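Here is the structure we will look at.
Bear in mind the structure is a predicted one, so any value in this text is a computation, not a measurement. Both counts, for ligands and for their atoms, begin at 1 and track the order of listing.
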Amino acid sequence: MNAPQTTPAHRLTCHCGAVELAVQLSDGLATARRCDCSFCRRRGAIAVSAPLDGIRIVRGAENLTLYQWGTGAAKHWFCKTCGIYTHHQRRSNPNQYGVNAACLEGVNPRDLDPVPWMDGVNHPSDRKSG
Ligand SMILES: [Zn+2]
């Protein structure tokens, strides 16, 4: 595959179609991760990374709802109609979004396996740094 200099924007949609985002990923699908923190293990989604300026809401901004828990540092966005997680602002790196890989047009999450796991149980922000 000839990788283009700039990765093309992906179209991301929730299930019902109320929300559509245009997403510029940090490193294509190479950043795909699962996470076993108390939230992600329940959600079960595979996330890929995007920079903060890499997400543009095409439609449905008013249909996105926010879930925060614990320290409240991470911001998890969902479609309030179909409940599908679209993206979240990371706690481990607030300069990044995690994006639901399975919501990207043309991406079958099956093709991403094996997806590495993030150690969310021992979250980097929970470790003492001195
Ligand atoms: Zn929806």
Which atoms form the tightest heavy-atom contact between Gly83 and Phe78, and what is the distance?
-> O-CD2, 3.6 Å
Just say parallel, tilted or perpendicular for the rings of His87 and Tyr97, cut-offs at 30° and 60°.
-> perpendicular
Could you tell me how the ring of His88 sits relative to the ring of His76: parallel (under 30°), tilted (30 to 60°) or perpendicular (over 60°)?
-> parallel
Rounded to the nearest 0.5 Å, what separation is found between the CH2 atom of Trp117 and the SG atom of Cys40?
-> 9.0 Å
The number of protein N, O or S atoms lying under 2.8 Å from the Zn ion (ligand 1) is 4
Value rounded to 0.5 Å, distance of CZ in Arg43 from OH in Tyr67 = 11.0 Å
Return yes if a side-chain donor-acceptor contact under 3.5 Å exists between Arg33 and Ser49, otherwise no.
-> no
